[in-house]
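Naming convention: chains lettered A, B, ... in sequence-line order (proteins, then strands); numbering from 1 in each chain.
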2 protein chains.
Amino acid sequence: MPPSRASKASPTPPPAAGSAREKLIAAAIATVRYKGFSATSVDEICQGAGVTKGAFFHHFASKEALAIAAAGAWTDIAEQRIFTLPDWNRIPDPLERLLGHIDFRLSMLDGPAEDYTCFVGTMVQESYNSSDPIRAACDASIRAYALRLAEDIQQAIDIYGIASGVSAVSLAYHIQAVLQGAFILAKANGHPVIARDSVMHLKRYVVMLFTQK
Amino acid sequence: MPPSRASKASPTPPPAAGSAREKLIAAAIATVRYKGFSATSVDEICQGAGVTKGAFFHHFASKEALAIAAAGAWTDIAEQRIFTLPDWNRIPDPLERLLGHIDFRLSMLDGPAEDYTCFVGTMVQESYNSSDPIRAACDASIRAYALRLAEDIQQAIDIYGIASGVSAVSLAYHIQAVLQGAFILAKANGHPVIARDSVMHLKRYVVMLFTQK
DNA sequence: TGACACATACCAACTGGTCGGTATGCTTTA
DNA sequence: TAAAGCATACCGACCAGTTGGTATGTGTCA
C-alpha cells in the first residue's frame, strides 16, 4: 500500500473508473465476499477485474499482498459508506446519531448476503492462522471502524451518562460483534430476518444502557 | 454408521478410539476450525485421521458429503459439551441456568481460537453461496442449538417475565449471533479479550431484559 | 460344519485439471 | 528512449476424485 500514490497529484487523470489495480481490489472484495478467500482464485479475480494475470502480478507481489491492500481499501470504503455519506451522520445529538447508526446498519440487512457482509470479517476467518499479515490488516480495519464509532458513543456518554462499567470502545466492539455474528446467521439462514432481529436486540440494549442505569 | 457394530460384542477389538469414518470427521472439524474449509484439502484431512484417500472416498462420496456429515456430528458434540456435561445444566432456576450458560460460554473463550470457535459458523461463511447442502446443514446445526437454548429461556420467561416484544427463540438466536461475532473479533485480534468483553455485554443485556421491564 | 457368494473396509497409485506464481515480450506514455 | 503498464505463454505443485486391488469379515445353504 504505497502512501505516495495517495498523496501525489497524479498526472494521469485518476484512471477513469479505476486503474487495473483498483479494479483488481474491487473484484477481490466482491468475489471474496461471495465465496470466501481461499475459494477465490487469482484467475477469477483477474476475470472479474477484466485484466490478465500479468497485470495482477505487476501490481501485487502475491495473492496475500492483494488481500492486505484490499483490507486497507475496505477500511476507506466502509468509512465512506457508513460514516461519511449517510445523512444520519449530521444528526446533532450524539445518542440519536448512535441509534441512527444502528438503524442504518439494520437497513443494510437486505438482499443477498454478499452485498452487506463484511469483507475483512469474512477473510480473517480463513487467514487468522495462515497469514499473520492478513490477520493484522483485517484487525486494523475492524479496529478503525470501532474507534470511529467509539467517538460518537463517548460523546453520548459525556452528555447522558451510561450504565456503570461500560466504556465507549468496549460498546463499539460489541456492536461490531453483533453485526459480524448477524452476518453469519444470515448466511446460514439464507435470509437476513434473523440477523435483523439480532440487531434490534442490540438497539434495545444500547437504549437500555443510556436510559436505565 | 452401522449401528450393529456398537450393539454386538465385536470379535475384532472395537476399532480402537474410533472408526476411520469417525476419525475423518474429527480431523475435518479440527482442520476446518484451524484454517477454513476451502483451504483444507482432502489429503490433509486423511493425514490428520491417519487413513488413506481410498478410505475417505469409501466413506464419503465427496468433500461436500464429509462437510455435511461433520456438521451433523458437530450438532451432537455441541449438545454434549454445552447442554449435557457441564454442571450448570443442573441449576434448578431457569434464569440462573441461562446466566450459567452465558458464563460457561464466556469461560470457553480462552487459549487458541480454533479450540473454542464454531465449526459450522466458520464453514457456512465459505459455503453459503457455493453449496446449498452444506449451508443447510450448518443452518440446521445452528437452529438446533438455538432451539435447545430457547427452552431454558422460555422457562425463565414463564417464571420471571421479560421486556415486552422479546421472544425466547429470538433471544436465543441473538446469543448465537454475539458468540459468532465474538469469535471473529477474537480471530482478528489474536486474543479473546475483546470477545469476552462482548459476551459480558450480552450477559448484562439478558439480566436487564429480565429485571427491567 | 464347511465352503461359496458377497459385502465392507481399506489401500497405493494414478488422472485430469486447477492452483499461485514466473518469464518474457509488446505497447503506451512521459 | 526508458520505464511503467500490461498481455501471452508457461511451470511445477497441488487439488478432488478414480482406479484396481487386498484383507477381512458375514450370511447362506448343502
Side-chain angles (χ1 to χ4, degrees), chain A residues 2 4-5 8-25 27-28 31-32 35-70 123 126-127 130-131 133-134, chain B residues 1-25 27-28 31-32 35-70 123 126-127 130-131 133-134:
Chain A
S4 59
R5 183 172 277 274
K8 76 166 167 133
S10 56
T12 43
S19 64
R21 187 192 151 93
E22 285 160 352
K23 284 191 284 186
L24 281 165
I25 287 177
T31 315
V32 169
K35 45 160 44 188
F37 179 68
S38 298
T40 298
S41 70
V42 172
D43 284 302
E44 210 166 353
I45 294 170
C46 293
Q47 202 176 328
V51 303
T52 61
K53 227 168 173 178
F56 183 103
F57 285 98
H58 173 73
H59 289 286
F60 304 102
S62 62
K63 193 189 174 190
E64 182 185 52
L66 166 70
I68 292 164
M123 194 163 62
E126 299 176 68
S127 313
S130 320
S131 164
I134 295 181
Chain B
M1 199 173 13
S4 61
R5 182 171 278 272
S7 58
K8 73 164 170 135
S10 56
T12 44
S19 63
R21 188 191 150 92
E22 285 160 354
K23 284 191 284 185
L24 281 165
I25 287 177
T31 314
V32 169
K35 45 160 44 190
F37 180 68
S38 299
T40 298
S41 70
V42 172
D43 284 300
E44 211 165 354
I45 295 170
C46 293
Q47 201 176 329
V51 302
T52 61
K53 225 167 176 179
F56 183 102
F57 285 100
H58 171 73
H59 289 286
F60 304 102
S62 62
K63 193 188 174 190
E64 181 185 52
L66 166 69
I68 293 163
M123 194 163 61
E126 300 176 67
S127 313
S130 320
S131 163
I134 295 181

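- Residues satisfying the side chain to side chain donor-acceptor pair (under 3.5 Å) criterion with A:Ser38, sequence neighbours excluded, are A:Glu126.
- The two residues A:Ala69 and A:Arg21 make their nearest non-hydrogen contact at CB-NH2, 4.1 Å.
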Polar-atom pairs under 3.5 Å, protein N or O versus N or O of nucleotides 5-7 of chain C: list them with distances, or write none.
none

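- With sequence neighbours excluded, the residues satisfying ring-ring contact (aromatic ring centres under 6.0 Å, His included) with B:Phe56 are B:Phe60.
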Open item on the list: I'd like to compare against my own output: the B/S/- annotation of nucleotides 13-24 of chain C with a strict under-4.0 Å heavy-atom distance to protein.
Closed with: ------SBBB--
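- Legend: salt bridge (charged side-chain N to carboxylate O under 4.0 Å, His left out) pairs involving residues 36-53 of chain B, not counting sequence neighbours, sorted by first then second residue: B:Lys35-B:Glu44, B:Asp43-B:Lys53.
- Atom OG of residue A:Ser130 and atom CZ of residue A:Phe37 lie 9.0 Å apart, to the nearest 0.5 angstrom.
- Put simply, CZ on A:Phe60 is 14 Å from C1' on D:dC6, counting in whole angstrom units.
- Residue pairs meeting the salt bridge (charged side-chain N to carboxylate O under 4.0 Å, His left out) criterion with at least one partner in residues 61-70 of chain A, sequence neighbours excluded, are absent.
- OP1 or OP2 of D:dC6 sits under 4.0 Å from a side-chain N or O of A:His59.
- Following rounding to the nearest Å, A:Arg21 (CZ) and D:dA7 (P) show an atom-to-atom distance of 16 Å.
- Remark: C1' of C:dC10 and CD1 of B:Ile45 are 18 Å apart, rounded to the nearest angstrom.
- Taking only side-chain nitrogens and oxygens, A:His58 never comes nearer than 4.0 Å to OP1 or OP2 of D:dC6.
- Annotation: side-chain contact (heavy atoms from CB on, under 4.5 Å) contacts of A:Ala49 (sequence neighbours excluded): A:Lys23, A:Leu24, A:Ala27, A:Val51.
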